[in-house]
Amino acid sequence: MLTRWFPAAINTRPTEWSRAAIGMALGTLFSVWLCSQVFGMDVALHLLGPLGASAVLLFAVSSGALAQPWSIIGSYLCAGVIALLVTRVLGPSLGGACLAAGMTVVLMCWLRCLHPPAGGLAMTLVLADPASAALGWYELGAVLLGAGALLACALAYNNATRTRYPKGAAPAPAPLPFNPRAGRDPAITAADLKLALADMEQFYDVEPSELEELIHAAETHARRRSIGETLASRVP
């Protein structure tokens, strides 16, 4: 039971930590600065928390589904619209902020743009400072400007530092030559997956044990499909 509370080993090197940290700092700085030039520093600083949280995902775990372009743009749009609607109906209150966050999660899941910082953004917008509240629906422009600027930084910086972003479908690796003397291929274990993740030297928001469970489940479905196809071929 106690071992579950200890963090898993990180598969990346300090150079990757530094790369992500520099990108996160520069991306957040640029997005907040640009937003301050258009909407004022008070409004920009009000968005600092969600933008900083999003920057961690976009620069440190850019391979994850939660850090892809549609995730940040779509989620910020969902959070902005819902937060402004809730504020119009219920006013700036703690209950309204929590309701807006919950509704944002549902809408993000429906639109397939789940992005955790957007939940905090929705609460932040409901409990807005006077400068942000005075913008009304124009505050949505500040939200999208900050998200767009941060995304542009992530696109430029990640690719400039040899980290492919956004993450598309990777080309299938070349199959290994079959050796009949070797017999059946050995089963993949969590230890093998841990070594493979270490070889890739990037942050991946997944545990080797979870990958092992997923692979075993896929193998089970593949066996069932193979058996079904075999039986179907024998039916006259």
Side-chain angles (χ1 to χ4, degrees), residues 5-37 44-79 104-105 108 112-124 142-171 173 190-212 214:
W5 292 84
F6 291 100
I10 298 179
N11 299 314
T12 54
R13 297 180 181 180
T15 53
E16 174 62 18
W17 310 347
S18 302
R19 187 204 67 82
I22 294 172
M24 182 261 182
L26 293 177
T28 307
L29 177 63
F30 176 74
S31 59
V32 173
W33 173 82
L34 182 61
C35 191
S36 68
Q37 298 300 305
L45 291 179
H46 195 65
L47 302 175
L48 179 61
L51 288 173
S54 295
V56 175
L57 291 175
L58 267 65
F59 292 95
V61 284
S62 58
S63 61
L66 304 181
Q68 299 311 300
W70 170 238
S71 294
I72 181 172
I73 297 298
S75 66
Y76 271 53
L77 180 61
C78 293
T104 298
V105 171
M108 286 190 298
R112 295 179 294 176
C113 57
L114 188 62
H115 187 68
L121 174 64
M123 304 181 77
T124 298
V143 169
L144 293 180
L145 177 62
L150 186 61
L151 177 59
C153 289
L155 289 168
Y157 182 83
N158 284 335
N159 287 286
T161 53
R162 300 181 180 180
T163 299
R164 186 164 55 90
Y165 181 79
K167 215 70 170 178
D192 299 322
L193 293 169
K194 185 176 181 180
L195 292 174
L197 289 174
D199 291 339
M200 303 184 77
E201 297 182 1
Q202 291 186 25
F203 287 102
Y204 286 91
D205 190 18
V206 65
E207 292 292 329
S209 57
E210 296 174 345
L211 285 175
E212 182 183 24
L214 178 63

Please find the pair of heavy atoms, one from Ala154 and one from Leu58, that lie closest to each other, and give the distance. CB-CD2, 3.7 Å

What I want to find out is whether Arg19 reaches Glu16 closely enough, with some N-O distance under 4.0 Å, to be called a salt bridge. yes

Using 0.5 Å steps for rounding, measure from the CG atom of Leu114 to the OG atom of Ser75. 8.0 Å

Leu57 and Pro116, any side-chain heavy atoms less than 4.5 Å apart: yes

For residues 20-37, which side-chain N or O atoms pair as donor and acceptor with protein atoms under 3.5 Å away, sequence neighbours left out?
unit_1: Thr28; atom_1: OG1; unit_2: Met24; atom_2: O; d: 2.8
unit_1: Ser31; atom_1: OG; unit_2: Gly27; atom_2: O; d: 3.1
unit_1: Ser31; atom_1: OG; unit_2: Thr28; atom_2: O; d: 3.0
unit_1: Ser36; atom_1: OG; unit_2: Val32; atom_2: O; d: 3.4
unit_1: Ser36; atom_1: OG; unit_2: Trp33; atom_2: O; d: 2.5

Does anything in residues 48-67 pair up under salt bridge (charged side-chain N to carboxylate O under 4.0 Å, His left out), and if so which pairs, sequence neighbours excluded? none

Tell me, please, which residues at least two apart from Tyr157 pass ring-ring contact (aromatic ring centres under 6.0 Å, His included). Phe59

Matching residue for Val143 among Leu51, Leu77, Thr124, Leu121 - test: side chain to side chain contact (heavy atoms under 4.5 Å, CB included): Leu121

Closest heavy-atom pair, Pro166 versus Pro69, reported as atoms and distance to 0.1 Å, is CB-CD, 3.5 Å

Rounded to the nearest 0.5 Å, what separates atom OG in Ser71 from atom CZ in Arg112? 11.0 Å

What side chain to side chain donor-acceptor pair (under 3.5 Å) pairs are there with at least one residue in residues 45-58, not counting sequence neighbours? His46-Asp129, Ser54-Tyr76, Ser54-His115

What's the spacing between Arg164 CZ and Asn159 CG if we round to 0.5 Å? 9.0 Å

Once side chain to side chain donor-acceptor pair (under 3.5 Å) is applied, what residue pairs with a partner in residues 144-156 remain, sequence neighbours excluded? none

